[in-house]
Every structure is written in structure tokens, then in C-alpha cells.
Amino acid sequence: MSRERALDPRLQLLHDRRTVSRLGDPGPDGDALAALLAAADTAPDHGRLHPWRLVPLDAADRAAVSTAYAHAQRTRDDRDDLVERAASKPLRGPCVIAAFARTVDHPTVPAWEQLAAAAAAVQNLCLAATALGFGSAWRTGWYVETPEVRAALGAADDEQVIGLVHVGTPRPPTTA
Ligand SMILES: Cc1cc2nc3c(=O)[nH]c(=O)nc-3n(C[C@H](O)[C@H](O)[C@H](O)COP(=O)(O)O)c2cc1C
């Protein structure tokens, strides 16, 4: 007899959300994108501080962020393949949403709770993407800590970049 419990179908959505690295068109359009952002905004938020900011990047933003990734990579190791790979990262998939967290000194809501709320907002975004039939991938990496990438993303001095969330239609894996 299998020891595995049958999955309660009401929880299927949570289990269906898996990182999808290969994303193609279509991405979320205006209404779907607005729905994703609205879902993110229902995250639990102690003190209602709304310590997150979610910004869909347009083509010009993504080109600028790609250039910044390439620059950051060149500064660390300027091997052509690494630079090319770095530049490609922010261009993957039809839709990228930059996620920022801003924590403040608060008498009853410590900074860690604010960061947790911001992370919950991103998870809500990813779950909402799954609910609407999209795939998503939550990425960070050292690039997002660099001054050039932060500047290209429009991060304020007191904001932490907590992710680039790629959203699109899952594409089948390539076969060799
Ligand atoms: C804050 C945060 C940042 C992440 N950054 C990356 C990343 O830069 N690269 C990566 O491969 N996975 C990253 N991940 C992990 C993936 O989003 C994913 O959760 C992981 O690959 C496991 O896959 P799953 O979501 O299908 O379980 C990050 C996760 C979190 C929560």
C-alpha cells in the first residue's frame, strides 16, 4: 500500500506552482498582469505597511537591465560567453516583474516581518500566475546587488531588490 497521501484537489494549485525556466509567448496581457499584481497585494502584511513594490519591466527597461547585467559580469569576469549569458538573463520570457522590498523602523513590526510580507507578495504573484495558466520563475543572483543593475531597475537607495519574476507560457524542454 502506498504511504503517499492523496492530494486534496483544493491544494492542487500550490503543488502545480513549480519554477518554469523556459517561458514563451503569450505572457500576461494588461488584464492578466493587473490580476497578478492585485493578487500579490493580498499578501499578509503586518501593520499594512505594504513593504513591497512590483514593477513590470517594459522592453526598454529590460534592454537597460540586460546592459547592466553584461556590465556587472564584465567587471567580475569578462569572458565572452559569461557576458553573453548574463545579458540574456533579463531578456528571458515575455514578461519580467521587478520586485523590491523596503523596510522601515517600526515600533511593533520588525524589519524581518516586513521582508517576509514582501516575499509573500512575490509568492502570491507566482501562485496567481499558475492559477491563470502561466509559468513563473523567481530569480535573484548576485547581479541584482550590483550598483549598475540596481540603477537600471530603478531601485531606491532604501530598497532591496528581492527578485526578477519571469512570467510566460511554459515551453517544452528542448530535445537534443
Ligand atoms: C528570493 C529567491 C531568489 C531566488 N533566486 C534564484 C536564482 O537566482 N536562480 C535560481 O536558479 N533559483 C532561484 N530561486 C529558486 C527558484 O525560484 C525555485 O524556487 C527553485 O529553483 C526551486 O524550484 P521550484 O520553485 O520548482 O520548487 C530563488 C528563490 C527565492 C525565494
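These values consider heavy atoms only, across backbone and side chains, with no hydrogens, waters or symmetry-generated copies. Atoms within a ligand are numbered from 1 in the order they appear, just like the ligands themselves.
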Spatial distance of atom CZ (Arg17) from atom CH2 (Trp138) [nearest 0.5 Å]: 9.0 Å
Just how far is it from atom CZ of Arg53 to atom CG of Leu153, taken to the nearest 0.5 Å? 9.5 Å
Atom 7 (C) of ligand 1 sits nearest the protein heavy atom Thr140 N, 3.6 Å
Should we count CG of Asp8 as having more than 12 external heavy atoms under 6.0 Å? yes
When you compare the side chain of Leu37 with that of Asp41, does any pair of heavy atoms fall below 4.5 Å? no
Of all the atoms in ligand 1, which lie at a distance below 4.0 Å from a heavy atom belonging to Arg18? 24 (P), 26 (O), 27 (O)
Nearest-contact summary for atom 19 (O) of ligand 1 - protein heavy atom, Å: Thr19 OG1, 3.6 Å
Given Gln123, Arg17, His166, Arg139, identify the one with the heavy atom nearest to atom 9 (N) of ligand 1. Arg139
Which heavy atom of the protein is the closest neighbour of atom 13 (C) of ligand 1, given with residue, atom name and distance? Trp138 O, 3.4 Å
Using only atom types and a distance under 3.5 Å, with no angle test, would you say the side chain of Ser66 pairs donor to acceptor with the backbone of Ala87? yes
Distance under 4.0 Å to a non-hydrogen atom of Gly141: what atoms of ligand 1 satisfy this? 8 (O)
